[in-house]
Amino acid sequence: MTLPRATTAAEGRDLILTCILSAPPAKIFRAWTDPALITQWFTLADWRATSAVLDVRAGGSSSITMRKPDGTEMINNDVYLEVVQDARLVFTDAYTSAWEPAERPFLTWIVTFEAFEAKTKYTVIARHWTVGDREVHENMGFHQSWPITTEQLAALVEQA
């Protein structure tokens, strides 16, 4: 049976992606929390994750380096607010490491992995500080790039 792939929506300050993946929550959670795995699937538009340093615990930090084909790099730094093994990750750019406030916070991510039969209901919520920030993120290509990123995640976690 072919499963429906990712759908996206905008609601208030949130951008939301949902889908059913043919892998258990533990496998998808690991793909989000293992630096060696996240660099295999996490690409957005023409940006590719080239390195990741992850301290996956409440208060731990995440630093993912993204690179464009022309060599331009961008580093995404976040702090984990909540980590529930195999079920939920909440992280934000509102802080840098050690709970230092960020200069310009943009969003908080809420990623859930919910068991659904022998599969997983996968939900990603990008909760922005303002509706304007959400619109900026939409214009950056959220609705186009996150479904593609999710397909790449699916290809990794759905391997036998």
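All figures in this text were calculated on a predicted structure; none of them were measured in a lab. Any value given below was found using the heavy atoms of this structure, including those in side chains, with hydrogens, waters and symmetry copies removed.
For Glu135, the salt bridge (Lys or Arg N to Asp or Glu O under 4.0 Å) test picks out no residue, with sequence neighbours left out. Scanning for salt bridge (Lys or Arg N to Asp or Glu O under 4.0 Å) contacts around Arg30 gives Asp34, with sequence neighbours left out. For Pro35, the side chain to side chain contact (heavy atoms under 4.5 Å, CB included) criterion is met by Ala52, Leu54, not counting sequence neighbours.
With values rounded to the nearest 0.5 angstrom, Thr112 atom OG1 is found 6.5 Å from Ile125 atom CD1. To the nearest 0.5 Å, atoms CD (Glu73) and OG (Ser51) are separated by 7.5 Å. For the atom pair Ser61 OG and Asp78 CG, the distance stands at 9.5 Å (nearest 0.5 Å). For the atom pair Asp133 CG and Thr130 OG1, the distance stands at 3.5 Å (nearest 0.5 Å). Expressed to the nearest 0.5 Å, how far CD1 of Ile148 lies from OG1 of Thr43 amounts to 8.0 Å. Between Asp86 atom CG and Lys27 atom NZ the span is 13.0 Å, to the nearest 0.5 Å.
Linking Ile, Leu, Val, Met, Phe, Trp and Tyr residues whenever their side-chain heavy atoms come within less than 4.5 Å leaves Val83 and Tyr95 in two separate clusters. Note on Val79 and Met66: separate hydrophobic clusters, where clusters join Ile, Leu, Val, Met, Phe, Trp and Tyr whose side-chain heavy atoms are under 4.5 Å apart, directly or indirectly. Criterion: ILVMFWY side-chain heavy atoms under 4.5 Å apart, direct or through other members. Under it, Ile38 and Val111 are part of a common hydrophobic cluster. Note: the hydrophobic cluster containing Leu81 does not contain Ile64 (ILVMFWY, side chain heavy atoms under 4.5 Å, direct or indirect links). Note on Ile110: it does not cluster hydrophobically with Val84, by side-chain heavy-atom contacts below 4.5 Å among ILVMFWY residues.
Between Ile16 and Glu11 the shortest side-chain heavy-atom distance falls below 4.5 Å. Annotation: side chain of Glu138 is in contact with side chain of Leu15 (closest heavy-atom distance under 4.5 Å). Using a 4.5 Å cut-off on side-chain heavy atoms (C-beta onward), Asp93 and Asn76 make no contact. Contact annotation: the side chain of Arg13 approaches that of Arg127 to within less than 4.5 Å [non-hydrogen atoms, C-beta and beyond]. In this structure, the side chains of Trp109 and Leu89 stay at 4.5 Å or more apart for every pair of heavy atoms. In this structure, the side chains of Arg57 and Tyr80 stay at 4.5 Å or more apart for every pair of heavy atoms. When side chains are defined from C-beta on, Ser63 counts as touching Ile75, because their heavy atoms get closer than 4.5 Å.
Within 6.0 Å of CH2 on Trp41 lie more than 12 heavy atoms contributed by other residues, nucleotides or ligands. Atom CZ of Phe142 sits in a crowded spot, with more than 12 heavy atoms from other residues, nucleotides or ligands closer than 6.0 Å.
Pairing each heavy atom of Ala31 with each of Leu156, the nearest pair is CB-CD2, 4.3 Å. Shortest non-hydrogen contact noted between Glu82 and Arg88 is OE1-NE, 2.8 Å. Here the closest non-hydrogen pair linking Thr92 and Leu107 is OG1-O, 3.1 Å. Looking at every heavy atom in both residues, Thr8 comes nearest to His143 through OG1-ND1, 2.7 Å. For Ser22 against Glu158, the heavy-atom pair with the smallest separation is N-OE2, 2.8 Å. The shortest heavy-atom contact between Ala23 and Thr120 is O-OG1, 2.5 Å.
Put simply, the side chain of Arg134 gets close to the backbone of Gly12: a donor and an acceptor are under 3.5 Å apart. Checked by atom type and distance alone, the side chain of Lys121 never pairs as donor or acceptor with a backbone atom of Phe116 at under 3.5 Å. In terms of modelled atom types and a separation under 3.5 Å, the side chain of Trp146 and the main chain of Leu17 share no donor-acceptor contact. Formation of a donor-acceptor pair under 3.5 Å by the Glu151 side chain with backbone atoms of Pro147 is not found in this model. Judged purely by atom type and a 3.5 angstrom limit, Thr72 has no side-chain atom pairing as donor or acceptor with the backbone of Lys68.
Aromatic ring pairs are classed by plane angle as parallel below 30°, tilted from 30° to 60° and perpendicular above 60°; the pair Phe113 and Phe29 is perpendicular. Taking the six-membered ring for Trp and thresholds of 30 and 60 degrees, Phe91 and Trp32 have ring planes inclined between 30 and 60 degrees apart.
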*In sequence, state the C-alpha distance, the side-chain angles, and the governing distance for Thr123 and Thr18, and then conclude on side-chain hydrogen bond (donor to acceptor under 3.5 Å, both in side chains).*
CA-CA 4 Å; Thr123 305; Thr18 58; 5.7 Å; no

*Could you check Leu21 against Arg5 for side-chain contact (heavy atoms from CB on, under 4.5 Å), going step by step and ending with a plain yes or no?*
CA-CA 8 Å; Leu21 297 177; Arg5 285 302 182 192; 3.6 Å; yes

